[in-house]
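To start, the structure itself, in structure tokens.
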Protein chains: 2
Amino acid sequence: MNSSGPGRPRALSRSLIVTAARGIAEEEGLAALTVRRVARRLGTGQASLYRHITDREQLLGLLAAEVAAQLPPAAADPDPRQRVRHQWLAAHDHLSRHLWAAGILAEGTHLPSAAAHLTEDTLAALAAAGLPPDEAARTQRVLWKLLLGHVRGARPSRFDFDWALSHLLDGVLGGRAVTLAG
Amino acid sequence: MNSSGPGRPRALSRSLIVTAARGIAEEEGLAALTVRRVARRLGTGQASLYRHITDREQLLGLLAAEVAAQLPPAAADPDPRQRVRHQWLAAHDHLSRHLWAAGILAEGTHLPSAAAHLTEDTLAALAAAGLPPDEAARTQRVLWKLLLGHVRGARPSRFDFDWALSHLLDGVLGGRAVTLAG
DNA sequence: ACCTGAACACCGTTCAAGT
DNA sequence: ACCTGAACACCGTTCAAGT
């Protein structure tokens, strides 16, 4: 019984707002996510939200950070190339399930920091595959752009993404062997 | 002297609307491009525009088609791989100069048809490089996604795009030699 | 001291009233 | 017959008035 008692009219909080906003985004997309709709869903006046968030932009950032934090962990494949491939395919699938968040993540200046574990896992795997740090960093940036390019906009294709991902890794890692000794 | 005489108050047309709209988009971005702003720039009532366009969405489509039609022609390099690379680098530069159009092109269902010559040039070059038609078509789709992914959103890098483009072409064309005889 | 209704300055689009 | 002012149903955000 976690229903609020009759003497406890409402307890608005940032996390309640984020949850309500995410519900709208998941159900009806980003365009339907208006401040007024969130307030209506929570049974509050629209002005009340501004006690807990500074503006709509910040709210979108919070939502995108949540989705980014739920990006999949590293795959278990012993081959680092396949480890990268599988983690990014899983990332593709995750973002495909939350398409509304892709646009926010793409504009975000510092938001990919919420996807820090994906970045770190990728850099580690690419290093294990013998790629120098600067090329690994560039590859990681490019994978991110490739993923967002595939997931946003019309006619997304998981197959095309996998194909591009594989060929890009082939091109980058080339004939590079997984050398166990330095 | 092409100033309108005093007895000729206005002659609104679709192309006048598109020109005015593009001016606003180039100067202040897509967010500033409102139907009312276009009307104000033309000295008309906002309702009058709807005699020549069906809605804002259609207007955006017309603008994006214009930008797509101005994508650069094929480069002159004798090596098909370099021909593809240089045409897509030029396409990157063109779209970078008209960033506001990238988003519209990305959503567009049929709009890439306005970029038909880029598609055709690329398919021809990839065929000349020995790629079978289905792989060439996939490569072309992926290049488009890669370009839009790079150009939209934060921190675009021409260098990263070139790097990804080159490595992708390497991965796709592999050791494939340019065979002159079937 | 805290909350929020009503207002402000915008949107895209429609339609009845004007010429 | 053609054009368009004013209205409608929305926005995000602010602030003065209410408890």
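Below, all heavy atoms of this structure are taken into account, side chains as well, without hydrogens, waters or symmetry copies. In the text below, chain A, chain B and the rest are named by the order of the sequence lines, each starting its count at 1.
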Tell me, which pairs form a ring pair (Phe, Tyr, Trp, His ring centres under 6.0 Å) where one or both residues lie in residues 74-99 of chain B, sequence neighbours left out? B:H92-B:F161, B:H94-B:H98
Determine whether a donor-acceptor pair (N or O, by modelled atom type, separation under 3.5 Å) exists between the side chain of B:Q87 and the backbone of B:P72. yes
Measure the distance from CG on B:L59 to C1' on C:dT13 and round it to the nearest whole Å. 14 Å
Measure CG/B:L49 against P/C:dT13 and give the value in whole Å, please. 10 Å
State, yes or no, whether a side-chain contact exists between A:L49 and A:L12 at a heavy-atom distance under 4.5 Å. yes
Quick check for you: to the nearest 0.5 Å, what is the distance between A:R51 atom CZ and A:T44 atom OG1? 13.0 Å
Check DNA chain D against residues 15-28 of chain A and give the residues with a non-hydrogen atom under 4.0 Å, in numerical order. none
Quick one: which protein N/O atoms are closer than 3.5 Å to N/O atoms of nucleotides 8-12 of chain C? Pair and distance per line, please.
unit_1 : atom_1 : unit_2 : atom_2 : d
C:dG12 : OP1    : B:V35  : N      : 3.2
C:dG12 : OP1    : B:R56  : NE     : 3.3
C:dG12 : OP2    : B:V35  : N      : 3.2
C:dG12 : N7     : B:R36  : NH1    : 2.4
C:dG12 : O6     : B:R36  : NH1    : 3.0

Return a table of donor-acceptor pairs under 3.5 angstrom between the side chains of residues 29-37 of chain A and protein atoms on other chains or two or more places apart.
unit_1 : atom_1 : unit_2 : atom_2 : d
A:T34  : OG1    : A:R37  : N      : 3.0
A:R37  : NH1    : A:E28  : OE1    : 3.3
A:R37  : NH2    : A:E28  : OE2    : 2.8

Annotated structure of DNA chain C as dot-bracket, pair cut-off 3.5 Å, Watson-Crick or G-U only, | for inter-strand, is ||.|||||...|||||.||
Tell me every residue that passes ring pair (Phe, Tyr, Trp, His ring centres under 6.0 Å) with A:W100, counting only those two or more places apart in sequence or in another chain. none
Under the rule for salt bridge (charged side-chain N to carboxylate O under 4.0 Å, His left out), what residues qualify as partners of [X], not counting sequence neighbours?
X: A:R14; answer: none
X: A:R85; answer: A:D162
X: A:R41; answer: A:E27
X: A:D93; answer: A:R158

Any B:S48 side-chain N or O less than 4.0 Å from OP1/OP2 of D:dT4: yes
Could I get a table of every N or O pair under 3.5 Å where one atom is in the protein and the other is in nucleotides 16-19 of chain D?
none

With P as the reference atom in both, quote the distance from C:dG18 to D:dC8 in angstrom, rounded to an integer. 16 Å
Is any NZ, NE, NH1 or NH2 atom of the basic residue among A:D121 and A:R83 found under 4.0 Å from an Asp or Glu carboxylate oxygen of the other? no
For the pair A:D160 and B:R138, find out whether any cationic side-chain nitrogen is under 4.0 Å from an anionic carboxylate oxygen. yes
Show me, pair by pair, the donor-acceptor contacts under 3.5 angstrom made by side chains of residues 57-67 of chain A, not counting sequence neighbours?
unit_1 : atom_1 : unit_2 : atom_2 : d
A:Q58  : OE1    : A:T54  : N      : 2.9
A:E66  : OE1    : A:R22  : NH1    : 2.8

